[in-house]
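Below is one structure, written out as structure tokens; the observations come after it.
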Amino acid sequence: MIEGLVSIIMPSWNTGRFISDSIRSVVEQTYQNWELLLVDDCSTDDSDVVIRPFLEDKRIRYFKNEANSGAALSRNRALREAKGEWIAFLDSDDLWSPKKLEKQIVFMRENGYDFSYHGYEKIDEDGCPLHVFVSGPSSVNKRKIYNYDYIGQLTMMYSAKHFGLIQIKDIRKNNDYAIRLQLFKKPGAACYYLPENLAQYRVRKQSISHDKLSKKLKSHYDLFHVCDAKPAMAAFWFAGWNMFFGVLKKIRYETNRPK
């Protein structure tokens with residue numbers, strides 16, 4: 001483990017249209033002590049061509065799965081390769097603000113936090129602002145994370161020294177949520193909110209947020225039953241409870257700010 005190094009986990013599958021902007025948002029960070037672990041999951045588009053010029057930067061480590069494995073196993077692979085004191089995540093279609101790493105590390109070090117997240121805004125597939133800003137509770141504990149996943153994947157950072165190696169089971173949806181559930185297995189784990197918008201989340205038509213209610217319920221059931229080993233009835237209860245808190249979250253923590 002290298003002190004001060006941030007290991008950035010980025011799975012990729014057919015995001016050639018977006019990935020150069022995502023990588024560039026890492027390269028342009030004011031905090032420069034990072035490594036980017038990019039795992040391509042057998043893309044069939046031009047991702048390889050788009051990524052190749054960035055590999056001149058030796059901080060970018062590029063891995064290719066031998067078979068299409070999904071985001072869960074791709075993230076697992078990157079996490080096993082990580083060398084950093086800090087672990088952060090950026091999907092290959094999302095963006096960070098230039099001072100994201102700098103501000104988040106200062107926030108964590110000054111307060112003695114091992115786990116934190118921050119606000120973000122939503123953009124459409126073309127990168128245009130949707131004028132929706134997402135915040136969250138001042139802190140998230142184990143009870144709250146089972147109520148709802150308040151922590152955006154592109155906003156979270158945690159101490160690898162404190163939490164150790166995280167690996168999750170192979171589910172196709174909600175695997176980012178599964179990472180958070182694993183982190184909260186650590187006794188006393190808490191995630192603290194940095195009240196700044198430091199990232200942009202790209203809303204895409206095929207994302208889980210566009211699934212029908214029945215599909216969402218099934219994906220949440222799989223999360224709690226398969227990944228978290230909850231009995232079937234408990235998994236159904238948590239899945240339904242999660243849907244309820246999802247509605248409350250939108251009311252309380254999503255703000256529309258039209259021009």
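Counting begins at 1 with the first residue of the sequence.
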Exercise. Is it true that the side chains of D93 and S22 contain a donor and an acceptor less than 3.5 Å apart?
Worked result: no
Ring centroid separation Y193 to Y113 under 6.0 Å
no
(Q) Could you check, using the six-membered ring where one of them is a Trp, whether W241 and F238 have ring centers closer than 6.0 angstrom? (A) no
Charged N to carboxylate O under 4.0 angstrom, R17 versus E125? yes
Contacts of K161 meeting salt bridge (charged side-chain N to carboxylate O under 4.0 Å, His left out) (sequence neighbours excluded), chain-then-number -> E3
Check: Is there a donor in the side chain of Q32 and an acceptor in the side chain of R59, or the other way round, less than 3.5 Å apart?
Finding: yes
For Q104 and S116: C-alpha separation, side-chain torsions, deciding distance, then whether side-chain hydrogen bond (donor to acceptor under 3.5 Å, both in side chains) applies. CA-CA 8 Å; Q104 195 164 13; S116 74; 2.9 Å; yes
Under 3.5 Å, side-chain donor or acceptor atoms of residues 224-233 against the rest of the protein: list the pairs with distances, not counting sequence neighbours.
{"residue": "H225", "atom": "ND1", "partner": "K230", "partner atom": "O", "Å": "2.7"}
{"residue": "D228", "atom": "OD1", "partner": "Y146", "partner atom": "OH", "Å": "3.2"}
{"residue": "D228", "atom": "OD1", "partner": "K185", "partner atom": "NZ", "Å": "2.7"}
{"residue": "D228", "atom": "OD2", "partner": "Y146", "partner atom": "OH", "Å": "2.6"}
{"residue": "D228", "atom": "OD2", "partner": "K230", "partner atom": "NZ", "Å": "2.7"}

Heavy atoms, side chains only, cut-off 4.5 Å: are Y148 and Y253 in contact? no
Given the options L38, T15, I60, I51 meets side chain to side chain contact (heavy atoms under 4.5 Å, CB included) only with L38
Check your understanding: So does K100 pair up with E196, basic N to acidic O under 4.0 Å?
Key -> no
Closer than 4.0 angstrom, basic N to acidic O: yes or no for K173 and D222? no
